[in-house]
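Structure, as structure tokens:
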Amino acid sequence: QVQLVESGGGLVQAGGSLRLSCAASGRTFSTYAMGWFRQAPGKEAEFVAAINWSGGSTYYADSVKGRFTISRDNAKNTVYLQMNSLKPEATAVYYCATDPSGYGKTYSSSYNSWGQGTQVTVSV
């Protein structure tokens with residue numbers, strides 16, 4: 001299985017930006033779709049964004065569309081989540097995960113490896 005390590009979280013004021021990174025180990029990264037999910041305290045985990053194996057297709061939750069951008073660099077085994085115009089409701093632990101189908105699904109059951117998460121806190 002692929003090992004995933006997220007980074008880039010932190011504390012930011014509302015309206016600010018953060019870029020999350022997810023570094024993957026293993027030689028199969030370029031065949032996997034990648035997804036970002038988040039979980040706020042007391043809430044279920046929710047889909048944020050996904051990207052297919054080539055980077056040619058991306059998918060977003062309606063709540064982040066137009067403000068977040070997912071991208072990947074297969075040469076660096078890394079996927080990114082650029083988050084702009086952040087709102088306090090974005091406060092959560094953000095997780096990256098691998099989808100072996102390669103397509104990029106919006107439901108968590110499609111993902112088989114998960115990182116440890118990185119905390120994002122957006123203050124008012």
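Model, not experiment: these values are computed from the prediction.
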Exercise for review: Hey, could you give me each pair passing salt bridge (Lys or Arg N to Asp or Glu O under 4.0 Å) that has a residue in residues 86-102? Not counting sequence neighbours.
Suggested key: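 Of all non-adjacent pairs touching residues 86-102, none passes salt bridge (Lys or Arg N to Asp or Glu O under 4.0 Å).
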Do you know the tightest heavy-atom contact between [X] and [Y]?
{"X": "Ser85", "Y": "Ser17", "value": "N-OG, 4.3 Å"}
{"X": "Thr98", "Y": "Pro100", "value": "O-CD, 3.6 Å"}
{"X": "Val2", "Y": "Ala24", "value": "CG1-CB, 3.6 Å"}
{"X": "Gly104", "Y": "Tyr111", "value": "C-OH, 4.0 Å"}
{"X": "Leu86", "Y": "Arg67", "value": "CA-NH1, 4.1 Å"}
{"X": "Val124", "Y": "Ala14", "value": "CA-CB, 4.4 Å"}

Single-linkage hydrophobic cluster, 4.5 Å side-chain cutoff, [X] and [Y] together:
{"X": "Ile51", "Y": "Phe47", "answer": "no"}
{"X": "Tyr80", "Y": "Tyr60", "answer": "no"}
{"X": "Val93", "Y": "Val122", "answer": "no"}
{"X": "Trp53", "Y": "Phe29", "answer": "no"}

Supply the atom-to-atom distance [X] [atom1] to [Y] [atom2], rounded to the nearest 0.5 angstrom.
{"X": "Trp36", "Y": "Ile70", "atom1": "CH2", "atom2": "CD1", "answer": "8.0 Å"}
{"X": "Ser71", "Y": "Arg19", "atom1": "OG", "atom2": "CZ", "answer": "7.0 Å"}
{"X": "Thr58", "Y": "Phe68", "atom1": "OG1", "atom2": "CZ", "answer": "14.0 Å"}
{"X": "Tyr95", "Y": "Gln39", "atom1": "OH", "atom2": "CD", "answer": "5.5 Å"}
{"X": "Gln3", "Y": "Asn77", "atom1": "CD", "atom2": "CG", "answer": "12.5 Å"}
{"X": "Ser113", "Y": "Met34", "atom1": "OG", "atom2": "CE", "answer": "8.5 Å"}

Check your understanding: Tell me, do Met83 and Leu20 make a side-chain contact under 4.5 Å, heavy atoms counted?
Key ->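 Touching, per the 4.5 Å side-chain cut-off.
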Check your understanding: Do Val64 and Arg38 come within less than 4.5 Å of each other through their side chains, counting heavy atoms only?
Key ->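 Yes; the side chains approach each other to less than 4.5 Å.
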Check your understanding: Within a radius of less than 6.0 Å around NZ of Lys65, do more than 12 heavy atoms belonging to other residues, nucleotides or ligands occur?
Key ->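 Correct, the count exceeds 12.
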**Study point:** Qualifying residues under ring pair (Phe, Tyr, Trp, His ring centres under 6.0 Å), relative to Trp114, sequence neighbours excluded
**Key:**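 Trp114 satisfies ring pair (Phe, Tyr, Trp, His ring centres under 6.0 Å) with Phe37 only.
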